[in-house]
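Take a look at the structure below.
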Protein chains: 2
Amino acid sequence: MPAKRGRPPSLTEEQIVEAALRLARSVRLESISMRSLAGELGVPVMTIYNYVPNKEALHDLVASAVLRDVRVPTPEEGTWEERLKQLERDARSALADFRGLSLDRVDSTESARLAEGVMSILASAGFTSTEASLAFATMFTFMIGQIDVDVEIAEKGGPAAAAVQNVSQVTDMTPDEIYEFGFDAVIEGLKARLGPRSRRTPTTRTRRR
Amino acid sequence: MPAKRGRPPSLTEEQIVEAALRLARSVRLESISMRSLAGELGVPVMTIYNYVPNKEALHDLVASAVLRDVRVPTPEEGTWEERLKQLERDARSALADFRGLSLDRVDSTESARLAEGVMSILASAGFTSTEASLAFATMFTFMIGQIDVDVEIAEKGGPAAAAVQNVSQVTDMTPDEIYEFGFDAVIEGLKARLGPRSRRTPTTRTRRR
DNA sequence: ACCTGAACACCGTTCAAGT
DNA sequence: ACCTGAACACCGTTCAAGT
């Protein structure tokens, strides 16, 4: 066993990500500077660069850490629609605690894992792989929009925030319920246009037991 | 009529917005600096501040200029679905030429005009104002997501771009067609859950007490 | 191997002096 | 009324010298 050479690390990647997440609770991720992050950690700015090559890599690290907690529901956890909704709810609530975190532009194994999860749920629902891709693109687009709107609402500006607030007042629905409604509508639309139901013939029906 | 005092303006607001749009064809709006904009205009940086109070106001000005060209279709131009789709197509193509331009956070009479336009189309479709608000929030969320995804695709990164590219390969659909499909699905879902149709056939409704 | 001060090439914006 | 250089308070990141 060789003796360790040089200085031991004074930080861990984990500590850095935690500090960034701490700051991202009150401030948009984008507006966290390397300098303020160093301040939060109590180290000089340049020390961070021993662990993270640049700010973009830091963003990816932070986003991955958050997405890591999002589970892909197993087939036992309900119908495919319930599982999709569960995953969607889980992802949104994971991201909601931190501002400006997006699924967008996150290039990581985590986003790939979740994408695959959604695709497999769609496959188990009887969608062909082409249909599943189309459905995935549509749902993903909606979710990206939701996250954006969440940020807007948190910062109390913009037309989407106004729309949601308007609905809240008129219908007594919470923003969460409004989102659920929207996601349901998207799934409903996808079912109407794609999937086994629209092709259903008695012989191709899969049956249980 | 009093004689004009002081220096005459060397620029107009319009020139500034045009220069910004010129730059935004190749670079994200967010990454246009006041200094690079001044360079494009051939004036010192501080000259711009005689016309625009700050960078945020510039963004609003640019976004408004782009949205100004988006028309709200009149009732003569088709069914309410056709008109919604037309407006959506129009808005997206207007924004698509310029990167990083979003409906988000644009606080202007232009976004209000378009929001009202959508609401009036929904009203003419027979939605109550509550239903119209809900439908609007859902569609708007989807459109925000679409614009985000457009940016992703333009910059060739991110999971949404990957999904769309995947669908393109498998189905021979263009990105535009994929979007149209998604928007159709959203409208379909909204129709299924809201609006006059779902109330017109009370026999399917089982009331329990 | 890891640390870090100094420096570089940028930002948006304020201010004050100019015409 | 409009113009604009200088300055201020920031950025992310490179580099080289330190242990």
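Only this structure's heavy atoms are used, side chains among them; waters, hydrogens and symmetry mates stay out. Reminder, nothing fancy here: chain letters follow the sequence lines and each chain counts from 1. Not measured: the values here are computed from a predicted model.
Following rounding to the nearest Å, Met34(A) (CE) and dC11(C) (C1') show an atom-to-atom distance of 17 Å. Atom CG of Asn54(B) and atom P of dA9(D) are 20 Å apart (whole Å). Summarising the geometry, the separation between CG on Leu37(B) and C1' on dT13(C) is reported as 15 Å, rounded to the nearest angstrom. To the nearest angstrom, P of dC2(C) lies 17 Å from CG of Leu41(A).
The shortest distance between the side-chain N/O atoms of Thr47(A) and the OP1/OP2 oxygens of dC3(C) is not below 4.0 Å. The phosphate of dC3(D) (OP1 or OP2) has a side-chain N or O of Ser10(B) nearer than 4.0 angstrom. At least one side-chain nitrogen or oxygen of Tyr51(A) sits closer than 4.0 Å to the OP1 or OP2 atom of dC3(C).
Set against dC2(C), dT13(D), dC2(D), the side chain of Val45(A) has dT13(D) as its closest nucleotide. When each of dC2(D), dT13(D), dC11(C) is scored by its nearest atom to the side-chain atoms of Lys55(A), the top-ranked nucleotide is dT13(D). Taking every side-chain heavy atom of Met46(A) into account, dG5(C) is the closest of dC3(D), dG5(C), dA6(D).
Note on ring orientation: taking the six-membered ring where Trp is involved, the planes of Trp80(A) and Phe127(A) are perpendicular (angle over 60°, cut-offs 30° and 60°).
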For DNA chain D, please output the secondary structure as dot-bracket, reading 5' to 3'. Pairs are Watson-Crick or G-U wobble, both atom distances under 3.5 Å; mark crossing pairs with [ ], other-strand partners with |, unpaired with a dot. ||.|||||...|||||.||
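The side-chain heavy atoms of Thr141(B) and Phe142(A), taken from C-beta on, include a pair separated by under 4.5 Å. Two residues are said to be in side-chain contact when any heavy atoms from C-beta on lie closer than 4.5 Å; Met34(B) and Tyr49(B) meet this criterion.
Using modelled atom types, one finds a donor on one side chain and an acceptor on the other under 3.5 Å when comparing Ser124(A) with Arg83(A). For the residue pair Ser168(A)/Gln165(A), the side-chain donor-acceptor check at 3.5 Å is not satisfied. If you check the side chains of Ser133(A) and Thr130(A), you find no donor sitting under 3.5 Å from an acceptor.
Considering Leu87(A), Leu190(A), Ile144(A), Leu134(A) in turn, Leu190(A) is the only one that fulfils the side chain to side chain contact (heavy atoms under 4.5 Å, CB included) rule with Met139(A).
Across the interface with DNA chain C, nearest-nucleotide mapping of Arg35(A) and Pro44(A) shows Pro44(A) to be the residue nearer the 5′ end. The nearest heavy atom of DNA chain D to Ser36(A) and to Pro53(A) marks one nucleotide each, and the one closer to the 5' end goes with Ser36(A).
Nucleic acid contact for Ile32(A): sugar-phosphate only, since backbone atoms but no base atoms lie under 4.0 Å from a heavy atom of the residue.
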